[in-house]
Structures are given as structure tokens and as C-alpha cells.
Amino acid sequence: MAPSLLSQLLISLQIAAGATLLAAAIGLPLALSLARPGWRGRRVLDLLVNLPLALPPTILGFYLLQVIGRSGPLGSLSLAFTKSAAILAAALVGLPLFVQAARNAIEGIPGSVREAAQIDGASRLAILRYILLPLALPGLITGLLLTWGRSLGEFGATLMVAGNIPGQTQTLAIAVYSAVQAGEYNRAHLFALLLVSLAGLTTWLALRWRGTFSEEMRV
């Protein structure tokens, strides 16, 4: 494996891992809120969470750059055109996938289970820790895998806020674009094949976990 390919692979894996953890940290409270029906503002929050699915990634990256860029409100943090910016961009793009999977898993838990725990005097924190999260675990893992796969292949938003800096922010997805621009199609095929293999493995694992969750809910 060429050093450049290894470097881009490691950068892609680091960004995907960071983005997945960030999306999960933000997304779990959002999923819990959206799974709770009947409160004001739920539809607005649902719209905002899913908006990145409809927006072109470059638009999301553009507005994110307005926030973290030099003249933006978070400009003093110097996040733009760093690996941290790439992680943030990928997390925002993958966030809806985690939230939807987590929300479906939580909503799939019978209400009678929660009600029985409340009758027994369990606190909300205890219900979350010992009932909701364990029962929803397969769905949560599915969300993590989907977010990981989406983050691994993220291109548009990442390029806008993190640029194309070899050895720092040049991911495999961006490397494919750069190779095509340079007319290095054999190199582009190599990068693309590696991405397709990783995406295929991630998708297979996500579908397997989703099937596990469906079987547990039927039981």
C-alpha cells in the first residue's frame, strides 16, 4: 500500500470515527426528544434535524464555514481548514441517519415496558440506563454504522470547510476527486475501490444489526 494511500485512509478513518462519536453525542438526546410525542416544537426540531438530508452538502459546508470561518462567531477557535472542521462537517451530514435509527429503535420499545418501570418507582435516568438504551442497542449500533459510512464518504461539506490539504484533510473521497482532476484514473480507481469496499462492509453490518433489532422487537 502506497504511503499516500495509507495516509489518506488513516485520515478518513479518523474523521469518520470522530464524526460518528460527535453525531452520537448530539443525536441521542435529539432522538430521545423526538421519540417523546405531544410536545410543542417537536415538528420544528424534526425538520431541523433532517434538513441536512435535503440540502446539498456544499450548502451545508458553506453555512458552516460562515460560523467557524475567520470572520464567523466561532472564528477565534481557528477550526476552519483543519481536521476538526472535517469532523464537524461529517458529523452534521451524518447526524440525521443516527437520529432516525435511534428514534425508530426507541419508539419501537413497547410503552408498557416503560410504564411498568415507572409504576415500580424507577427514575427517568434509571429507565433510560437500564431499559431504553439496552433494548434500543441494536438500533443505536445501526445508526452508528450508517453515520460512520456516511462520514467516511463525505465530500462536499468537508471540502468546503476543511479544504484539500494532503496529509491533513485530504480524505479518500477528496483524493478520488483530485486524482480525476489530475487525469490519474488508475489512482482514482484504487481510491474508489477501497471506499466501495468499506461502504459495502459498513452497509452489510448495518443491515445485519437492523435485522437483529427487528427480530428482538417481534419477540
Side-chain angles (χ1 to χ4, degrees), residues 15-57 59-61 63-64 87-154 156-157 198-219:
I15 290 174
T20 301
L21 292 175
L22 180 58
I26 299 172
L28 183 57
L30 292 174
L32 289 167
S33 297
L34 291 172
R36 182 168 55 88
W39 57 275
R40 184 176 299 179
R42 181 169 177 259
R43 290 185 178 181
V44 174
L45 180 60
D46 200 5
L47 172 65
L48 292 175
V49 168
N50 287 285
L51 189 59
L53 291 176
L55 282 176
I59 301 300
L60 182 64
Y63 283 112
L64 181 58
I87 290 173
L88 181 57
L92 291 178
V93 172
L95 179 64
L97 298 177
F98 177 82
V99 171
Q100 190 59 48
R103 177 183 178 181
N104 289 341
I106 295 168
E107 289 179 337
I109 299 172
S112 57
V113 175
R114 191 179 313 186
E115 292 172 2
Q118 291 174 339
I119 292 173
D120 288 340
S123 65
R124 289 185 177 181
L125 182 59
I127 292 173
L128 174 64
R129 181 177 178 182
Y130 297 109
I131 297 177
L132 294 184
L133 292 183
L135 289 177
L137 185 59
L140 297 177
I141 293 177
T142 297
L144 289 173
L145 288 169
L146 291 174
T147 305
W148 161 273
R150 182 65 186 86
S151 300
L152 196 61
E154 164 52 29
L198 291 171
L201 176 61
T202 302
T203 303
W204 178 78
L205 290 172
L207 291 174
R208 181 163 183 166
W209 276 104
R210 187 174 68 178
T212 301
F213 174 72
S214 299
E215 290 176 3
E216 288 188 359
M217 287 300 99
R218 283 197 296 269
V219 173

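When all heavy atoms of Pro37 and Ala35 are compared, the pair lying nearest together is CD-O, 3.3 Å. In terms of heavy atoms, Gly18 sits closest to Ile87 at C-CG2, 3.5 Å. Looking at every heavy atom in both residues, Ala24 comes nearest to Leu144 through CB-CD2, 3.7 Å. Here the closest non-hydrogen pair linking Pro96 and Val93 is CD-O, 3.4 Å. Closest non-hydrogen pair, Ala91 versus Ala23, comes out as O-CB, 3.9 Å. Residues Ser151 and Ala16 come closest through the heavy atom pair CB-CA, 3.9 Å.
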inquiry  = Apply side-chain contact (heavy atoms from CB on, under 4.5 Å) to residues Leu146 and Phe98 and explain how you reach the verdict.
reply    = CA-CA 7 Å; Leu146 291 174; Phe98 177 82; over 6 Å; no

key: Evaluation steps, side-chain contact (heavy atoms from CB on, under 4.5 Å), between Leu28 and Leu140   = CA-CA 9 Å; Leu28 183 57; Leu140 297 177; 4.2 Å; yes

key: Stepwise side-chain contact (heavy atoms from CB on, under 4.5 Å) test for Leu30 and Leu95   = CA-CA 10 Å; Leu30 292 174; Leu95 179 64; 4.2 Å; yes

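Side-chain contact check for Leu60 versus Pro52: some heavy-atom pair is nearer than 4.5 Å. Counting heavy atoms from C-beta on, the side chains of Trp148 and Leu205 never come closer than 4.5 Å. Considering only heavy atoms from C-beta on, Asn104 stays 4.5 Å or farther from Thr142 through its side chain. In this structure the side chain of Val49 never reaches within 4.5 angstrom of the side chain of Arg103, judged on heavy atoms.
Considering CG of Leu51 and CG of Leu92, their distance stands at 11.0 Å, rounded to 0.5 Å. Note: Leu34 CG to Ile106 CD1 = 9.5 Å, rounded to the nearest 0.5 Å. Tyr130 contributes atom OH, which lies 8.0 Å from atom CG of Leu125 (distance to the nearest 0.5 angstrom). The CD1 atom of Ile131 lies 9.0 Å from the CD1 atom of Ile109; values are rounded to the nearest 0.5 Å.
A distance-only check finds no donor-acceptor pair linking the side chain of Gln100 to the backbone of Ala102 [under 3.5 Å].
Counting heavy-atom neighbours within 6.0 Å of Arg129 CZ, excluding the residue itself, gives a total of 12 or less.
Each of Leu152, Leu145, Ile15, Thr147 was evaluated against Thr20; a single residue qualifies, Thr147, per the side chain to side chain contact (heavy atoms under 4.5 Å, CB included) test.
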